[in-house]
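Take a look at the structure below.
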Amino acid sequence: MTDFDDQIGVMVTDLLIEAGDPYTYTRGTTSASITLAKSEMPSQWVDQGDGSIVEVRPINFKALTSTLPYAKPMQGDRITGGGKVYELHPTTSEKVYRQLSPQLTRLHAKRIR
């Protein structure tokens with residue numbers, strides 16, 4: 001790992017200490033506790049294919065890659081915290097997650113409850 005990668009790891013750890021909250025990450029019947037930093041993105045309008053358009057408010061969660069319970073997050077995985085439930089869901093331009101560096105992964109979700 002390069003010094004730059006090491007510094008990103010330190011930055012992500014600091015971010016999660018300052019801005020992270022505890023969440024539960026669930027796939028099927030398996031759950032794990034994880035610290036994530038949440039941010040809300042601007043609304044996106046999605047054509048449902050039946051003539052209706054739905055507003056989706058994407059949520060991004062930033063995670064220390066090594067703490068994710070699965071190497072590849074999948075659509076339908078759920079994140080629960082603060083009485084709210086989010087489901088991993090791709091944005092209109094990206095997949096369900098993006099690994100920004102070896103240490104930092106961004107998860108894309110939408111609030112379902």
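Here, residue 1 is the first one in the sequence, and each next residue gets the next number.
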(request) Decide whether Val96 and Tyr23 are clustered together by the hydrophobic rule: side chain heavy atoms of Ile, Leu, Val, Met, Phe, Trp, Tyr closer than 4.5 Å, transitively. (result) yes

(message) Can you confirm whether Ser39 sits close enough to Ile59 that some side-chain heavy atom of one is under 4.5 Å from a side-chain heavy atom of the other?
(response) no

(request) Check whether any side-chain heavy atom of Gln99 sits under 4.5 Å from a side-chain heavy atom of Leu104, and report yes or no. (result) no

(request) With rounding to the nearest 0.5 Å, note down the distance linking CG in Leu107 to CZ in Arg98. (result) 12.5 Å

(request) Could you note down all residue pairs passing side chain to side chain donor-acceptor pair (under 3.5 Å) where residues 65-76 supplies at least one of them, sequence neighbours left out? (result) Thr65-Thr105

(message) Per the salt bridge (charged side-chain N to carboxylate O under 4.0 Å, His left out) rule, what does the pair list look like for residues 102-113, sequence neighbours excluded?
(response) Glu94-Arg106

(message) Which heavy atom of Pro58 sits nearest to which heavy atom of Ser43, and what is that distance?
(response) CD-CA, 4.3 Å

(request) Scan for ring-ring contact (aromatic ring centres under 6.0 Å, His included) pairs involving residues 76-96, sequence neighbours excluded, and state none if there are none. (result) Phe61-Tyr86

(request) Among Ile, Leu, Val, Met, Phe, Trp and Tyr joined by side-chain contacts under 4.5 Å, find the other residues sharing a cluster with Trp45 and list them by chain and number. (result) Ile53

(request) Measure the NZ-CG distance between Lys38 and Asp21 for me, rounded to the nearest 0.5 Å. (result) 8.5 Å

(request) State which residues pass side chain to side chain contact (heavy atoms under 4.5 Å, CB included) with Gln48; sequence neighbours excluded, sorted by chain then number. (result) Val46, Asp50, Ser52, Val54

Check: residues 76-83 side-chain donor-acceptor pairs under 3.5 Å, at least two apart:
{"from": "Asp77", "atom 1": "OD1", "to": "Arg27", "atom 2": "NE", "distance (Å)": "2.9"}
{"from": "Asp77", "atom 1": "OD2", "to": "Tyr25", "atom 2": "OH", "distance (Å)": "2.5"}
{"from": "Asp77", "atom 1": "OD2", "to": "Arg27", "atom 2": "NE", "distance (Å)": "3.3"}
{"from": "Asp77", "atom 1": "OD2", "to": "Arg27", "atom 2": "NH2", "distance (Å)": "2.8"}
{"from": "Asp77", "atom 1": "OD2", "to": "Met74", "atom 2": "N", "distance (Å)": "3.1"}
{"from": "Arg78", "atom 1": "NE", "to": "Glu87", "atom 2": "OE2", "distance (Å)": "3.3"}
{"from": "Arg78", "atom 1": "NH2", "to": "Glu87", "atom 2": "OE2", "distance (Å)": "3.2"}

(request) Only counting residues at least two apart or in another chain, list the ones meeting side chain to side chain contact (heavy atoms under 4.5 Å, CB included) with Thr29. (result) none

(request) Quick one: pull up CG in Leu64 and CG in Leu36 and give me the separation to the nearest 0.5 Å. (result) 10.0 Å

(request) Could you tell me which residues satisfy side-chain hydrogen bond (donor to acceptor under 3.5 Å, both in side chains) with Asp47, sequence neighbours excluded, listed by chain and number? (result) none

(message) Ser31: which residues meet the side-chain hydrogen bond (donor to acceptor under 3.5 Å, both in side chains) condition with it, sequence neighbours left out?
(response) Thr26

